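Data first, discussion second: the structure below is written as structure tokens.
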Amino acid sequence: MHYAQVVKVYTKSVWIESDILGARHVMVQHNAPGEEPFCYATFHYNHRHTSNSGTMNAATRVAIALGATEPVEQRQRSIAV
């Protein structure tokens, strides 16, 4: 029988970023040295097919499923130039 010993468990941060076009991005970052945040899922906004509350509700459900606590942190995505 083989055993493994857990040496270090890194936590992760999960939040939602909204961009200027209304899309919601579920972001994840493992809290380990050198780890960059990554976009796990994006919910695009289109006024004919989606609503602001619908995209936020979907993003919130995914963020909570990934380990975010309520209320889920919300950020504005900066415009990179």
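We use all heavy atoms of the structure for the numbers below, so side chains are in, but hydrogens, waters and symmetry mates are not. All values derive from a computational prediction rather than experimental measurement.
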Query raised in the report: What do the steps show when you test Met56 against Ser18 for side chain to side chain contact (heavy atoms under 4.5 Å, CB included), and what is the final call?
Result: CA-CA 9 Å; Met56 183 57 81; Ser18 299; 4.1 Å; yes
Test item: [X] and [Y] side chains (from C-beta on) under 4.5 Å apart, heavy atoms:
| X | Y | result |
| --- | --- | --- |
| Tyr40 | Val14 | no |
| Arg77 | Met27 | yes |
| Gln76 | Ile20 | no |

Return the minimal non-hydrogen interatomic distance between [X] and [Y], and the atom names on each side.
| X | Y | value |
| --- | --- | --- |
| Ala59 | Val26 | O-CG2, 3.6 Å |
| Tyr45 | Gly22 | CB-O, 3.4 Å |
| Asn52 | Arg24 | O-NH2, 3.5 Å |

Query - Pi-cation contact, Tyr10 with Lys8 (under 6.0 Å, within 45°) - result: yes
Requested in this report: Would you please test Thr50 and His44 for side chain to side chain contact (heavy atoms under 4.5 Å, CB included) and show each step?
Outcome: CA-CA 8 Å; Thr50 60; His44 295 281; over 6 Å; no
Query raised in the report: Cluster question for you: counting only ILVMFWY and a side-chain heavy-atom cut-off of under 4.5 Å, with indirect links fine, are Leu66 and Phe38 together?
Result: yes
Query raised in the report: Roughly how far apart are Thr11 OG1 and Gln29 CD, rounded to 0.5 Å?
Result: 9.5 Å
Query raised in the report: Out of curiosity, Ile64 CD1 to Ile16 CD1, how far, rounded to the nearest 0.5 Å?
Result: 8.0 Å
